[in-house]
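Okay, structure first, notes after.
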Amino acid sequence: MKGYLFDTHVHTAESSACGEVAAEGVVVRYRSLGYNGIIVTDHVNAYDFSKLGSTYDEQAENWLKGYRTAKAEAGDGFTVILGMEIRFLDYNNDYLVYGFDEGLIFTCDMAHFKSLEEFRPFADEHGLVIYQAHPFRPDMTVIDQTLLDGMEVYNGHGGHNSSNDIAYRWAEKYSLPMSSGSDFHRETGMEPGGVYFSEMPHDSFDVARMLKTANIRSNASRNKLCKEVIDTIKSSREVQL
């Protein structure tokens, strides 16, 4: 057995302005494809949050609807984990964040951090893990890789040119841990992606811990991981962790 298959990058219609599939349908889809679970990474940014309510607390509550609905639909035998895809005010870059629970979203105005440089100390304080999503789309800006915990080297969104090959080579150059995700928004034009975890993650803290473990592997292990990444991207779009 390869491990436990999770998609690390999934959006719902309830909480992401660009999402077209309601959370219940997302769970049905991934369960039917044989996944063990998904990480719901709905958008956290000023634009999306402006559509979710008139006050920040209302926006935060509505942002959680996609995750909460998916989790309620999942029941036994399928795991739904909370994550986010955050964008700051400086660039169009997006970052996948793991390692938190619902309470974090209410600690401050998460939609109005100015930059990754400003967010990084907050992330470190709260034990968050940050992977840059689709880092080489045409409208992305190259940033200081030392601010990242890892990089998404395969993104399956068919509506964008994510330049996955460049992302892979960049992550390899700087020895950044790698991830794969479908960036699911709709039923069509989405290539399946995901990772195999060696143990079953039960929440976002488990995901962060496993990603951090991958981050401290020896160079030999990391080289092996890189080979597994490129082989699985060519075949099933899944990354072994």
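- Under a cut-off of 6.0 angstrom, the local environment of OH in Y91 is sparse, with at most 12 non-hydrogen atoms contributed by other residues, nucleotides or ligands.
- Between F119 and Y95, the ring centre distance reaches or exceeds 6.0 Å.
- Taking both residues in full, the closest heavy atoms of S179 and Y131 are given as OG-CD2, 3.5 Å, listed atom of the first, atom of the second, then distance.
- Counting all heavy atoms, side chain and backbone alike, S204 lies closest to G99 at OG-N, 2.7 Å.
- Remark: side-chain polar atoms of H11 are paired, donor with acceptor, to backbone N or O of T41 under 3.5 angstrom.
- Paired with L82 under the rule side-chain contact (heavy atoms from CB on, under 4.5 Å), one option of D101, V40, L64 passes, and it is L64.
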Walk me through it: do L116 and I143 pass the test side chain to side chain contact (heavy atoms under 4.5 Å, CB included)? CA-CA 9 Å; L116 179 58; I143 53 95; 3.9 Å; yes

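- Atom CD of E73 sits about 10.0 Å away from atom CZ of F78, to the nearest 0.5 Å.
- Separating the CE atom in M110 from the OH atom in Y56 is a distance of 6.0 Å, to the nearest 0.5 Å.
- Looking at M178 and E172, their side chains come closer than 4.5 Å, going by heavy atoms from C-beta outward.
- G193 and S180 get closest at one heavy-atom pair: CA-OG, 3.7 Å.
- No donor-acceptor contact under 3.5 angstrom links the side chains of D7 and Y35, judged on distance only.
- Only one option out of E85, M151, M84 pairs with L96 in a side-chain contact (heavy atoms from CB on, under 4.5 Å); it is E85.
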Trace of the side chain to side chain contact (heavy atoms under 4.5 Å, CB included) decision for Y4 with T79: CA-CA 10 Å; Y4 300 93; T79 301; over 6 Å; no

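- The structure places CD1 of I81 at 8.0 Å from OH of Y67, a figure rounded to the nearest 0.5 Å.
- Looking only at distances, no side-chain donor or acceptor of D183 sits under 3.5 Å from a matching main-chain atom of G156.
- Hydrophobic clustering, with ILVMFWY side chains joined whenever heavy atoms are under 4.5 angstrom apart, keeps M140 apart from W170.
- Under the 4.5 Å side-chain heavy-atom criterion for grouping Ile, Leu, Val, Met, Phe, Trp and Tyr, V28 is not connected to V21 through any hydrophobic cluster.
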Stepwise, does the side chain to side chain contact (heavy atoms under 4.5 Å, CB included) test hold for Y98 with K212? CA-CA 11 Å; Y98 313 102; K212 286 178 179 177; over 6 Å; no

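- Judged purely by atom type and a 3.5 angstrom limit, N62 uses its side chain to pair as donor or acceptor with the backbone of L52.
- Within the 4.5 Å cutoff, the side chain of V142 has heavy atoms near those of the F136 side chain.
- Across R137, E152, H157, a single residue satisfies side chain to side chain donor-acceptor pair (under 3.5 Å) together with S162, and that is R137.
- Scanning all heavy atoms of the two residues, the minimum distance from A13 to A22 falls at CB-N, 3.8 Å.
- Atom CG of D57 sits about 5.5 Å away from atom OG1 of T55, to the nearest 0.5 Å.
- In terms of modelled atom types and a separation under 3.5 Å, the side chain of T8 and the main chain of G194 share no donor-acceptor contact.
- Ring geometry for F113 versus F122: interplanar angle of 30 to 60°, hence tilted.
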Which is it for E102 and R68 under the salt bridge (charged side-chain N to carboxylate O under 4.0 Å, His left out) test, yes or no, and what are the steps along the way? CA-CA 10 Å; E102 293 186 20; R68 288 171 173 170; 2.6 Å; yes

Verdict with supporting geometry, I130 and I86, side chain to side chain contact (heavy atoms under 4.5 Å, CB included): CA-CA 10 Å; I130 306 171; I86 192 168; over 6 Å; no

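- Taking CG of D42 as the start and CD1 of I39 as the end, the distance is 13.0 Å to the nearest 0.5 Å.
- Under the 4.5 Å side-chain heavy-atom criterion for grouping Ile, Leu, Val, Met, Phe, Trp and Tyr, F49 is not connected to L89 through any hydrophobic cluster.
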Show, in sequence, the C-alpha distance, side-chain angles and deciding distance for D149 and R120, and conclude whether the salt bridge (charged side-chain N to carboxylate O under 4.0 Å, His left out) test is met. CA-CA 10 Å; D149 296 303; R120 184 74 251 188; 3.2 Å; yes

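- Of all the heavy atoms in P135 and Q132, the pair that sits closest is CB-CD, 3.5 Å.
- Nearest heavy atom pair, residue P201 against residue V207, reads CB-CG2, 3.9 Å.
- The CZ atom of F100 sits 6.5 Å away from the CD1 atom of I105 when rounded to the nearest 0.5 Å.
- A side-chain donor-acceptor contact under 3.5 Å links S182 and Y30.
- A chain of hydrophobic side-chain contacts below 4.5 Å, direct or via other Ile, Leu, Val, Met, Phe, Trp or Tyr residues, connects L148 to I166.
- R87 pairs with exactly one of D139, D94, D48 by the salt bridge (Lys or Arg N to Asp or Glu O under 4.0 Å) rule, that one being D94.
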